*Asks:* 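Before I ask anything, here is the structure I am working with.
As a basis for the values below, the full set of heavy atoms in this structure was taken, side chains included, without hydrogen atoms, waters or symmetry mates. Because the structure is a prediction, the values reported are computed rather than measured.
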Amino acid sequence: MHATDSLAESTRPALAGWLRLQQTDGVGLLTAHKLLEQYATPAAIFAASRSGLLELVAPRQADAVLAVPADLERQLDAMLAWQQQPGNLLLTLDHPAYPEDLRHIVGAPLILYVKGNAGLLPQRSVAVVGSRNASRQGVLNAGHMALALSDAGVTIVSGLALGIDAAAHTGGLDGPGGTIAVLGTGIDRIYPARNGALARRIAEEGCLVSEYALGTPPSRDNFPRRNRIISGLARGVLVVEAAAKSGSLITARLAASQGRDVYAVPGSIHATLSKGCHQLIREGAKLVESAADVLSAMQMLADGQAGARAAPDDSFVDRVLDAMGEDPVQAEVLALHLGQPAGELQGQLLALELAGLLERLPGGMFQRLRA
């Protein structure tokens, strides 16, 4: 048996527990973390009695915890085969190399797929995000600021999207700080395809990260959800350009809820792609015009001036929970009840999920957690 095969077999039982917990039907991340708080390890959770589990979860969830998924071994084989390829790494929540800042956010991923330089994960970093349909000036600003931050030793985190994200990653790669790309797909599926060459360069010189199972295709639900990882890995979030309603604002507000600083680049009052940044500045984000402003603000953050913690609006919370009722509900059905576009509602549901008020279940279902 080769050394890599022996290592894979030695890690298999522990990884099986984390994968099984992640895949348990009807149990989302918030419930998984609640079980871990009580039992400490997946192995202890699955060794628990049904009566013990019923003190923490509903009967259907307890039954699901005690049932072994039919395709668990197949998934394990695929994960371990992937990990044996050069540059690939699986990090479970209890792994010593799991990023410490990310470990403590609400809804921290149970498993991270990492490809490339995992040594970048604990480094001082800033997330640089913005519009996919950025202006030429916005792309230039993002690239220049990311390069200047990277030259100062700051790692650039972003989401591999077109526009601002791609410019930020390129700037990070061109300096010593490097870059981390957080994917909304399985780590073996690059989206968008136009960024394939950039993704390959990041895998060689930086780091790709995903919480999604191998082969997971792009889905509109995945991208707002991955934004909590982008902000969770970073000391702060810099929004270069953003419309009034955009995924970048979701990332910024998640950062604020995680105690990170938020920085925004102002623009013309007539520019659509400046309205999101101006909105963030009105909400308390730091107005920045250069990388030097961000570096100065980061020093202030190091001195204990962390960002303010955001809370969902109470009237909106009550409307959503009333519309949900007691049973799991599809986001699209909930959007119809609330009279809101489904895409816009996804970001709001994510905020409520991270606030511990509802839980995302497999199949795009949501379940309220507050009576």
Side-chain angles (χ1 to χ4, degrees), residues 8-80 83 90-95 98 102-113 186 210-216 219 221-222 225-226 228-229 232 321 324-331 349-350 352-371:
E9 287 307 311
S10 68
T11 60
R12 188 182 185 95
L15 181 59
W18 288 104
L19 179 61
R20 180 178 167 186
L21 182 59
Q22 183 186 63
Q23 298 295 326
T24 298
D25 185 39
V27 172
L29 274 175
L30 296 181
T31 296
H33 279 278
K34 181 165 68 172
L35 290 167
L36 287 168
E37 287 176 7
Q38 175 67 28
Y39 292 104
T41 67
I45 292 171
F46 298 122
S49 65
R50 187 175 187 275
S51 60
L53 292 171
L54 287 175
E55 296 179 6
L56 298 172
V57 300
R60 60 180 175 80
Q61 292 174 310
D63 292 337
V65 167
L66 296 175
V68 180
D71 63 344
L72 185 66
E73 294 303 317
R74 179 192 62 78
Q75 292 185 67
L76 272 174
D77 288 340
M79 292 171 70
L80 290 170
Q83 182 172 233
L90 291 167
L91 296 179
T92 53
L93 189 63
D94 63 344
H95 195 290
Y98 191 101
L102 185 64
R103 194 195 309 272
H104 296 292
I105 71 167
V106 176
L110 302 183
I111 302 172
L112 287 178
Y113 297 76
S210 177
E211 69 176 318
Y212 294 107
L214 297 172
T216 300
S219 164
D221 293 347
N222 292 355
R225 187 171 174 80
R226 66 92 198 265
R228 81 192 194 286
I229 302 178
L321 296 183
M324 291 185 78
E326 300 298 328
D327 297 321
V329 61
Q330 287 277 359
L349 291 175
L350 178 60
L352 298 185
E353 178 187 359
L354 297 179
L357 301 177
L358 55 83
E359 180 165 34
R360 184 188 305 262
L361 302 177
M365 305 287 284
F366 289 84
Q367 170 75 57
R368 62 183 290 174
L369 293 178
R370 192 180 78 178

*Asks:* Kindly write out the residues that satisfy salt bridge (charged side-chain N to carboxylate O under 4.0 Å, His left out) with Asp77, not counting sequence neighbours, or none if the list is empty.
*Replies:* Arg12
*Asks:* Could you check Leu112 against Leu102 for side-chain contact (heavy atoms from CB on, under 4.5 Å), going step by step and ending with a plain yes or no?
*Replies:* CA-CA 11 Å; Leu112 287 178; Leu102 185 64; 3.7 Å; yes
*Asks:* Say whether, by atom type as modelled, one donor and one acceptor occur between the side chain of Arg20 and the main chain of Pro69 under 3.5 angstrom.
*Replies:* no
*Asks:* Is the closest side-chain heavy-atom distance between Leu110 and Leu19 below 4.5 Å?
*Replies:* no
*Asks:* Name every donor-acceptor pair, under 3.5 Å, that has one atom in a side chain of residues 38-49 and the other anywhere in the protein, sequence neighbours excluded.
*Replies:*
residue, atom, partner, partner atom, Å
Thr41, OG1, Ala44, N, 3.1
Ser49, OG, Ser51, OG, 3.1
Ser49, OG, Gly52, N, 3.0

*Asks:* For the residue pair Asp221 and Ser219, confirm or rule out a side-chain donor-acceptor distance under 3.5 Å.
*Replies:* no
*Asks:* Minimum heavy-atom separation for Ala78 and Leu214, please, with both atom names.
*Replies:* O-CD1, 3.7 Å
*Asks:* Kindly give the heavy-atom pair with the smallest separation between Lys34 and Leu56, and that separation in Å.
*Replies:* NZ-O, 2.9 Å
*Asks:* State which residues pass salt bridge (charged side-chain N to carboxylate O under 4.0 Å, His left out) with Arg60; sequence neighbours excluded, sorted by chain then number.
*Replies:* none
*Asks:* With side-chain contact (heavy atoms from CB on, under 4.5 Å) as the test, would you mind laying out the steps for Leu21 and Val65 before giving the verdict?
*Replies:* CA-CA 8 Å; Leu21 182 59; Val65 167; 5.8 Å; no
*Asks:* How many angstroms lie between atom CZ of Arg74 and atom CG of Asp71, to the nearest 0.5 angstrom?
*Replies:* 4.5 Å
*Asks:* Any chance you could measure Gln61, atom CD, to Asp25, atom CG, to the nearest 0.5 Å?
*Replies:* 10.0 Å
*Asks:* Donor-acceptor pair, His95 side chain versus Leu90 backbone, under 3.5 Å?
*Replies:* no
*Asks:* Could you go through Leu93 and Leu36, starting from their C-alpha distance and side-chain angles, then the distance that decides it, and tell me whether this counts as side-chain contact (heavy atoms from CB on, under 4.5 Å)?
*Replies:* CA-CA 10 Å; Leu93 189 63; Leu36 287 168; 4.1 Å; yes
*Asks:* If every non-hydrogen atom of His33 is compared with every non-hydrogen atom of Gly107, which pair is closest and at what distance?
*Replies:* NE2-C, 4.0 Å
*Asks:* For a 4.5 angstrom cut-off between non-hydrogen side-chain atoms, does Ile111 reach Glu211?
*Replies:* no
*Asks:* Please round to the nearest 0.5 Å and tell me the distance separating atom CD of Gln22 and atom OG1 of Thr92.
*Replies:* 11.0 Å
*Asks:* For residues Tyr212 and Arg226, report the shortest heavy-atom separation together with the two atoms involved.
*Replies:* OH-N, 4.3 Å
*Asks:* Quick check: closest heavy atoms across Ala16 and Leu76, and the distance to 0.1 Å?
*Replies:* CB-CD1, 3.3 Å
*Asks:* So which heavy atom on Ala213 is nearest to which on Tyr113, and how close?
*Replies:* CA-OH, 3.7 Å
*Asks:* If I take atom CG from residue Asp63 and atom CG from residue Leu53, how far apart are they, to the nearest 0.5 angstrom?
*Replies:* 9.5 Å
